[in-house]
There are 2 protein chains.
Amino acid sequence: MKPTSTRDRIIEEADRLFYERGYEHTAFADIAEAVGISRGNVTFHYQTKDAILDAVIDRRLARTAALLERWEAGGEGPADRIKSFIDILIANRAKIMLHGCPVGTLCAELAKLEHHALSHASALFTLFKDWLGSQFAALGLKKEADALALHLLARSQGIATLASALRDEAFLREEVRLLHAWLDGTASPSSRRRRA
Amino acid sequence: MKPTSTRDRIIEEADRLFYERGYEHTAFADIAEAVGISRGNVTFHYQTKDAILDAVIDRRLARTAALLERWEAGGEGPADRIKSFIDILIANRAKIMLHGCPVGTLCAELAKLEHHALSHASALFTLFKDWLGSQFAALGLKKEADALALHLLARSQGIATLASALRDEAFLREEVRLLHAWLDGTASPSSRRRRA
DNA sequence: GACAGAATAGGATAATCGTCCTAGTTCTAA
DNA sequence: TTAGAACTAGGACGATTATCCTATTCTGTC
């Protein structure tokens, strides 16, 4: 059981706080308090708030990539892997209803701040898009793979945004059901025949 | 040509700034500068920032209601009215790609701030939902009207979020095309027969 | 045991923020 | 015309912020 370094724990807590409260609304003091260290200690490990943000995004990118690789290595086929992605909405529904999607809300905030890290953060979307695209391609939908991946991402984003704004879990569950149905209709052999 | 009162112009500019920069990131000084008045003058008309926020939301609610009533009074049928809603994404695409959807991003920010005005802001969603629901009902889809309205709202939100994060106008246009196709498939008489 | 460098704590600082306060100016109604 | 209200400008204040700086403690190595 390797004890986590202070440097890592700062990013852990910053990650959580940026998600729960937003980037701008999170202060150095909040992070320090969450980790249980002093403000000065935080600035020793990360000189600027932007540096913390970059590290948080890097952490998210790494963890997302690891998750996708785990799914890739699992015994399931592409369709089931995509279903795993959809079911994130169910698994994380409590947090999503309180704070929205971590990726979407961060990008939205950074866009408003005209923050240069927006392109870094949106790489999270690209990561998902490319992975989903390769799953659709594996289903024989190579030509539409990118569009399908973006479509699924957008649907997920919309569900998270609305579920959070309206605090409506029934809506979230219903939309997830629709997403599964959409995937079944898109990925099934008969559908692929229809498209051909 | 009635000259706009200072009180109204404050809300106009605050509305714009809250959309472009976000609520928290907009200062009294920014609003005052945008209107061309002093900071003290702003606090004379609105004592607190929360009061400005409430007035901005009220303004958005009123303008949205007026827009929907105009569509309702126009000569078009329910399906075309829904298409007018979808086409907001096209008409406002430049701003959406820079700042996202005004409703969705405001609700997301207020949710993170745990701001009590979230329920006020989410009434904008409810307004759209009820109106869209009545259009679907007029198409003979009374039982599914609410779910269809929420579905359409969520799709729009997702499109705005992703188009803004990825700065991808082609994606936005393609998704709008899909939305029109979805509506045609859902609202057409043959579809209604299939559902029955 | 001494010492170097990393790690930690917390005060200092300059900037910004929302809000309050006061003093002028302009408008309005009698 | 004039009194009072409405409006405007901008200084003051206390709180908060990111960042800087200095002092202290810890840790591993001769």
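Just so we're on the same page: letters track the sequence lines, and every chain starts at 1.
- For the pair A:Tyr23 OH and D:dT17 C1', the computed distance is 12 Å after rounding to whole Å.
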Determine, stepwise, if the pair B:Phe171 / A:His151 fulfils ring pair (Phe, Tyr, Trp, His ring centres under 6.0 Å).
CA-CA 9 Å; B:Phe171 157 77; A:His151 178 80; 8.7 Å; no
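- Closest to the side chain of A:Arg39, out of C:dG10, C:dT19, D:dA9, is C:dG10.
- OP1 or OP2 of C:dT8 lies within a sub-4.0 Å distance of a side-chain N or O belonging to A:His45.
- A:Arg21 places its CZ atom 14 Å from the P atom of D:dT16, with the value rounded to the nearest Å.
- Comparing C:dT19, D:dT8, D:dT17 by their nearest atom to the side chain of B:Thr48 picks out C:dT19.
- Remark: P of C:dG5 and CG of A:Asn41 are 20 Å apart, rounded to the nearest angstrom.
- As rounded to whole Å, 15 Å separates atom P of D:dA18 from atom CD of A:Gln47.
- Between B:Thr43 and the phosphate of C:dC20, there is no side-chain N or O to OP1/OP2 separation shorter than 4.0 Å.
- Distance A:Phe44 CZ to C:dA6 P: 7 Å, rounded to the nearest Å.
- One can place CD1 of B:Ile10 at 14 Å from P of C:dG18, the figure rounded to the nearest angstrom.
- Residue A:Arg9 contributes atom CZ, which lies 13 Å from atom P of C:dA7 at whole-angstrom precision.
- In this entry the distance linking CZ of A:Arg7 with P of C:dT8 reads 12 Å, nearest Å.
- A:Trp131 and A:Trp71 have tilted rings, their planes meeting at an angle from 30° to 60° on a 0 to 90° scale.
- Using a cut-off of 4.0 Å between Lys/Arg side-chain N and Asp/Glu carboxylate O, A:Lys112 and A:Glu109 are scored as not salt-bridged.
- For the residue pair A:Leu179 and A:Leu89, the shortest heavy atom distance occurs at CD1-CD1, 4.3 Å.
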